[in-house]
Amino acid sequence: VEHTYIMVKPDGVQRGLVGEIISRFEKKGFKLTGLKLFHCPKELAEEHYKELQSKPFFPKLINYITSGPVVCMAWEGVGVVASARKLIGATNPLQAEPGTIRGDLAVQTGRNVVHGSDSPENGKREIGLWFKEGEICEWTPVQEPWVVE
Ligand code: GTP
Ligand code: MG
């Protein structure tokens with residue numbers, strides 16, 4: 001089973017969209033295994049986005065992600081990585097389809113309210129980066145047999 005790291009970015013927290021964003025993953029049928037509000041230090045933001053280090057927008061991106069608290073989440077489920085990316089929508093919210101989180105709730109790439117891991121490997125890497133061991137909770141939702149046959 002796959003794991004992905006989802007994060008409500010500082011704009012999503014400031015705009016009161018935390019519940020709405022969590023709801024979309026809950027309603028889809030994925031399992032929440034980690035959750036916290038966290039003001040991220042610069043070093044962690046740089047490590048998280050290290051693949052984008054050479055991009056011209058990198059300093060702005062680091063400022064954005066460290067500008068206020070974020071909500072860190074680990075989600076588990078069959079195909080959760082690719083499915084979460086679909087639920088989130090395109091990087092540029094103006095190109096994101098209506099019905100997606102960014103398509104419904106945002107207008108600019110630099111304020112696109114939510115992050116989702118882009119591969120199962122990065123899902124693991126990012127959950128390891130943002131959560132300590134005891135912060136991930138293994139549990140069985142009562143609804144599980146009604147979501148997965
Ligand atoms: P994440 O889920 O946050 O990783 O977004 P993504 O996978 O859809 O896009 P990508 O990993 O390529 O970029 C990471 C983040 O950097 C984006 O979500 C944006 O917040 C930011 N970003 C990417 N491209 C631009 C850009 O051209 N300008 C600005 N200001 N920010 C950008
Ligand atoms: Mg990305």
Side-chain angles (χ1 to χ4, degrees), residues 1-139 141:
V1 68
E2 277 179 15
H3 298 89
T4 194
Y5 176 66
I6 302 294
M7 175 167 73
V8 183
K9 295 178 179 180
D11 50 335
V13 176
Q14 295 289 350
R15 294 175 54 202
L17 300 173
V18 172
E20 162 90 31
I21 291 170
I22 292 176
S23 271
R24 300 213 177 190
F25 296 98
E26 274 189 322
K27 286 176 187 166
K28 176 72 175 171
F30 294 128
K31 173 163 71 172
L32 185 63
T33 61
L35 175 67
K36 67 179 175 187
L37 186 76
F38 181 58
H39 199 138
C40 139
K42 195 164 177 260
E43 297 69 37
L44 178 57
E46 287 171 346
E47 178 64 24
H48 174 79
Y49 281 123
K50 67 178 177 198
E51 280 138 49
L52 302 173
Q53 223 160 20
S54 60
K55 302 283 185 189
F57 59 81
F58 187 74
K60 259 170 67 179
L61 174 59
I62 300 307
N63 270 340
Y64 166 41
I65 294 302
T66 58
S67 64
V70 295
V71 171
C72 310
M73 293 179 272
W75 288 90
E76 180 186 305
V78 180
V80 70
V81 173
S83 176
R85 297 271 295 179
K86 280 193 178 169
L87 291 173
I88 289 170
T91 307
N92 180 342
L94 291 183
Q95 269 140 38
E97 294 295 329
T100 65
I101 295 169
R102 288 171 178 163
D104 289 348
L105 306 174
V107 295
Q108 258 195 350
T109 304
R111 294 287 185 271
N112 62 2
V113 303
V114 65
H115 161 82
S117 308
D118 59 12
S119 68
E121 299 70 52
N122 272 336
K124 266 189 140 176
R125 177 182 85 87
E126 292 168 4
I127 289 169
L129 208 55
W130 289 87
F131 286 99
K132 301 187 189 105
E133 214 169 278
E135 292 177 335
I136 297 297
C137 190
E138 285 309 326
W139 63 295

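For clarity, every value in this text was computed on a predicted model and none was experimentally measured.
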Enquirer: Which heavy atom of Ile88 sits nearest to which heavy atom of Phe25, and what is that distance?
Expert: CG1-CZ, 4.0 Å
Enquirer: Would you give the length of the straight line joining atom OG1 of Thr109 to atom CG of Asn92, rounded to the nearest 0.5 angstrom?
Expert: 3.5 Å
Enquirer: So Glu121 and Arg125, salt bridge (Lys or Arg N to Asp or Glu O under 4.0 Å) or not? Walk me through it.
Expert: CA-CA 6 Å; Glu121 299 70 52; Arg125 177 182 85 87; over 6 Å; no
Enquirer: Minimum heavy-atom separation for Pro93 to Arg102, with atom names?
Expert: CB-O, 3.6 Å
Enquirer: Which residues pass the side-chain hydrogen bond (donor to acceptor under 3.5 Å, both in side chains) test with Gln95, not counting sequence neighbours?
Expert: none
Enquirer: Distance from Ile21 atom CD1 to Asp104 atom CG, nearest 0.5 Å?
Expert: 10.5 Å
Enquirer: Would you please indicate if the ring centroids of Trp75 and Phe30 are separated by under 6.0 Å?
Expert: no
Enquirer: Could you tell me whether the side chains of Ser117 and Glu126 share a donor-acceptor contact shorter than 3.5 Å?
Expert: yes
Enquirer: Would you find more than 12 non-hydrogen atoms of other residues, nucleotides or ligands less than 6.0 Å from Glu97 atom CD?
Expert: no
Enquirer: What distance separates Cys72 SG from Ile6 CD1, expressed to the nearest 0.5 Å?
Expert: 11.5 Å
Enquirer: Output the distance between atom OG1 (Thr100) and atom CG (Leu105), rounded to the nearest 0.5 Å.
Expert: 8.0 Å
Enquirer: Looking only at non-hydrogen atoms, find the nearest pair between Ala96 and Ala90 and report the distance.
Expert: CB-N, 3.6 Å
Enquirer: With no hydrogens and no angle check, is any side-chain donor or acceptor of Arg111 less than 3.5 Å from a backbone partner on Pro10?
Expert: no
Enquirer: For a quick test of reading the model, state the closest non-hydrogen atom pair linking Ile65 to Val70 and the distance between them.
Expert: O-CG1, 3.8 Å
Enquirer: Kindly compute the distance separating CD1 (Ile62) from NE2 (His48), expressed to the nearest 0.5 Å.
Expert: 8.5 Å
Enquirer: Taking the cut-offs as 6.0 angstrom to the six-membered ring centre and 45 degrees off its axis, would you call Lys36 and Phe131 a cation-pi pair?
Expert: yes
